[in-house]
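Working notes, structure below.
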Amino acid sequence: MKEGLNFVLGVNLIIWSGLAFYLFILDRKIKKLEETSTARRK
Amino acid sequence: MKSGRWITETGSSTYLSEAVAIWLRDLRGEFRTRYAVNAILMFAVTTLIAVSFSIGSFRIGEAEQPFLYAVLLWIILVFSALSGLSRSFVKEEEAGTMDVLKLSARPQAVFLGKLFFNLTLLGALELIIVPSFILLMNYEIKLPGLFTAMVVSGGIGLGGGTTIVAAMIAQASARGALFSVLSFPLLLPLMITAIKGCEKAAVGANNPGWPEVRIAVAYSIVMIVMSLFLFPLIWEE
Amino acid sequence: MKSMYSLEVSDLCKHYSETLLFKDISFELHPGEVLAITGWNGSGKSTLLRIIAGLVRPTTGKVEMFFKGESIPKESRRRFVGMVAPAFSLYEELTALENLEFFCKVRGIAYDRKSCLAMMERTGLSENAHKLCRNYSSGMKQRLKLAQALLHSPPLLLLDEPGCNLDSKGMKIVENIIAAQRQRGMTVIASNEKREVDYGDRVINLSE
Amino acid sequence: MIAKVLLTIWMTVIIVAAFLYADAAVGFPGETSRILFFHVPQAWVATLSFLLSMIASCVYLARRNLKADYLALSAAELGLLFCLLATASGSIFAKAAWGSFWNWDPRQTSIVILLMIYGAYFALRSAVGDPEKRRVFAAVYSILAFVTVPFLVFVVPRITASLHPEDTMNPAKPGMDPKTLKVFLGSLLAYTGLFIWILRLRLRLLNLEGMQEPEFVVTEKMDLEGEKQ
C-alpha cells in the first residue's frame, strides 16, 4: 500500500513543480511587458 | 393646448399606478398579438401531451408516482415559462419602443409592470396546465390545499426570478438561448423546493407549517426586492 | 419665465470602444432659444441628443438641467424632456389614442381624452385617432411621435431629424411646434437638412 | 517575490505531508480520504472567488471604476477553474469511496450548480457587445446568483439528502484528529495563497490589456494608469 502512495506523491510533486515553474515564468514575462508598456507611455 | 401644464413636482404619481399602466398596456398588446401566450402555451401543451402519452398513469408504480409526477409537472412549468417569459422585454427592444419607455417611465415602475405581466402569464399557464396534468396523469393528491399553495408560490418565484434576467437578455444578442442558460441556475433552488412541496402534498405527509411554501415565498421576496434595487442599473445606460 | 429653466452641457465627450465621436461640447440653453446640431452621418448627433435626454452615459463631461436654479436629478429629468428620434417607435398594436393614453399615465399625468385629442388635432391625426398604429404611414407615425413628445409639455424638446418621412403639411406642423416651444421652452434640433438647421438661433457642427 | 518562493515550498510540504505525515481517515476504503486534502480546499477557493467576484461587482456598480470589473472578471475565471478541479476531484473520490463517479450527493449538486452559475456568467459576458453594458450586466448577474447561493446551501442538502435514502456519511470533514487537521488547514492556506498569486497575475494582465486602448481623453473616474503595484 505504502509504495503506491510514494508513486502518487511523486506524480503530485512533479505536477506542482511544473505549475510553480510556469507561474514564475509568467511572472517575469508580465513584469517585462509592464516595463515596456510604462516605458512607451512616458 | 390648454395653459401649459408644467410638471414641476417630480413624484406626482406612485410607482404602482405607473406599473399598472405598463401592465395593462402589455396585457392589451398581448391580447392583440398573443406573442408570448402562444409561445408558452404551445410549449406547455406539447410537452404535457408528450409526457402523458409516453409515461401515462399505468407505467409508474404507486410508490414513485407522487415524486416523479411532481418532477415532471415542474419541468413542464419551468421550461414553458423559460420559453415565453422573456418575450415582453424582447418585443420592446425589437419594436424599438424600449427607448421611448426608458424616457417616459421610471425603472422601478417598468420592473413592477413587467413582473405583473409575467405573473399573469404564469397564472394562465398554471390554470391551464396544472389541472390538465392532474387529469391526464390522474395524479392523486391528498392535500390539495398545500399543492395549490405550492404551485402558486412557485409560480410567483418563477416570475420574480426571471423578470430582471429577461430585461438583461433583451439588450444582449443571442437572446433566446441566453435566457434559459441565465435563468436556470437562479431557479434551481425554487424548483427543488417546489418539487419537494408538491410531493409532500401528493403523499399527504404531515407537514406542519408548510416549510416548502414558506421557502418559495421567501425566495420570491428576496428575488423581487433584489431586482428592484438592481433593475435601474441595467435599465438606464 | 426667462430663468425658470436652463440646460447646461459642459465639455461632453463620447467614444465607443475605439472611435472617438465628439469632444469638448459645451453650451448653455435658456427658454426661448433653439439650438441646432449638425454634422456628417455618424458624427454622433443622435448620440449627443440621447446623452442630453439621459438615455446614454457620456464618457466625460456633464449634462445638467436646472429648474429655478436647482439642479434636476437625472432620474426625474425625463419628466422635463420630450424627445423624437428616427430610432424610436410607438406601440404598433395599439391605436394612436391608446398610445397617448399610455404615455400620459406612465408619466404620471392625469389622462384626459380632451387634451390628447387636442394634441392629435395639433399634429393633424385627429381623423384616424382610433386606427391601429400598425396601419399608419411612416409620416403619420412620425407625427404621433411628435404628439407623444409634447404630451407633458416638456420645457426641453429634443428633435432628432423631426422632418424625416414628413410631407410639406407635416413640416408645417413641425414649424408650429418649434414656434410654440420657443414661447415657453428650450429646443435642440439635430439634423442635416438646411431647412431644419435654420430653425436654430445657434448651430454646433460636430464634424468640424 | 519571497512570498511566492515561500508559497511554493509550503505547498510542497503540504503535498508530502498529505501522503506521508497524515494518516488515512477511518471509515473510508484504503487511502482514498487523502484526496480530501486537495478536493475540499479547491471547493473552498471556488466559493471564496465567487464571493470575491460578487463583492468586486458591487464595488463596480457603486463606483464604476474599471479595476473593480477586472477583479470581478479574474475572480470569476479562477473560480470557474477551481470549481472544475473540485468537481473532478470530487467525482474521483466518489468513484473510489462509493463506486460511482456521480450520484448527486448534496456536495456534488451544490458544486455543479456553482459551475452552471459561472457558465451563465461567462455566457452573459460574451453576449453583450457594448463594454459598459457588459460590465454592468455581469455585475448584476453575479449579485443575483450570489443571492440564490444561501438557498442552495440550506435547501439542497436538506432536500436532496432525503431524496437519496442511501446517502452515506457526509465526506466533507474526515475524522479530524490533530495531525489531519494541521495538514488540512495548511492545505487550505496553501490553496488560498495559490489563488491570490494567480489572481494577481491575471489582474496585471488585464491592466496591460486595458492600457492598449487608444489614447483618448481619460477622465479621472476611469483611471487606466496602473498605480504602482
Side-chain angles (χ1 to χ4, degrees), chain B residues 64 67-68 70-71 157 160-165 167-197 199-200 205 211-212 214-216 218-227 229-237, chain D residues 50 54 57-58 60-64 80 83 104 106 109-165:
Chain B
E64 292 82 19
F67 168 64
L68 260 183
V71 171
T162 55
T163 304
I164 190 166
V165 175
M168 281 199 281
I169 62 123
Q171 302 172 63
S173 57
R175 297 185 177 95
L178 201 60
F179 183 60
S180 314
V181 165
L182 287 181
S183 304
F184 195 65
L186 302 182
L187 293 176
L188 261 173
L190 177 77
M191 194 173 165
I192 293 172
T193 313
I195 289 171
K196 194 61 200 164
E199 185 206 2
K200 281 190 180 172
E212 281 77 17
R214 271 188 283 116
I215 292 174
Y219 176 90
S220 314
I221 293 170
V222 164
M223 291 307 270
I224 291 173
V225 166
M226 285 304 294
S227 303
F229 280 110
L230 295 171
F231 192 82
L233 298 169
I234 62 158
W235 186 247
E236 276 143 358
E237 279 290 308
Chain D
F50 185 54
M54 194 279 292
S57 300
C58 291
Y60 175 76
L61 288 178
R63 289 215 303 277
R64 298 286 167 116
L80 182 61
C83 202
W104 286 108
T109 323
S110 310
I111 283 280
V112 162
I113 293 171
L114 198 61
L115 209 58
M116 278 198 288
I117 292 176
Y118 279 123
Y121 177 85
F122 286 108
L124 177 62
R125 266 199 106 95
S126 57
V128 181
D130 168 31
E132 178 78 22
K133 248 196 226 177
R134 180 193 322 137
R135 293 176 188 131
V136 169
F137 284 9
V140 164
Y141 187 76
S142 85
I143 294 169
L144 267 176
F146 188 77
V147 162
T148 60
V149 164
F151 282 96
L152 283 175
V153 169
F154 301 118
V155 166
V156 167
R158 204 169 59 78
I159 290 188
T160 41
S162 60
L163 283 177
H164 291 271

Discussion item. Quick check on the interface: out of D:Leu144, D:Leu61, D:Val149, D:Val136, who has the most heavy-atom pairs with chain B under 4.5 Å?
Written reply: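 When all of D:Leu144, D:Leu61, D:Val149, D:Val136 are compared, D:Leu144 has the most.
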Worksheet item: Taking the side chain as C-beta and beyond, is there a heavy-atom pair between D:Ile143 and B:Phe229 under 4.5 Å?
Response: no
Worksheet item: So do the side chains of B:Met223 and D:Val147 get within less than 4.5 Å of each other, counting heavy atoms only?
Response: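 B:Met223 reaches D:Val147 side chain to side chain.
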Closest non-hydrogen atom pair between [X] and [Y], with its separation:
| X | Y | result |
| --- | --- | --- |
| D:Phe137 | B:Met168 | CE2-O, 3.3 Å |
| D:Ala127 | B:Ala172 | O-CB, 3.8 Å |
| B:Ile215 | D:Phe151 | O-CE2, 4.0 Å |
| B:Pro189 | D:Thr148 | CG-O, 4.1 Å |

Of the backbone (N, CA, C, O) and the side chain (C-beta and beyond), which part of [X] lies under 4.5 Å from a heavy atom of chain D, both, or neither?
| X | value |
| --- | --- |
| B:Phe231 | neither |
| B:Ile164 | side chain |
| B:Leu188 | side chain |

Worksheet item: Within the side chain of D:Tyr141, is there an N or O that forms a donor-acceptor pair under 3.5 Å with the backbone of B:Leu182?
Response: yes
Item to complete: Quick one: pull up CD1 in D:Ile117 and CG in B:Leu186 and give me the separation to the nearest 0.5 Å.
Response: 6.5 Å
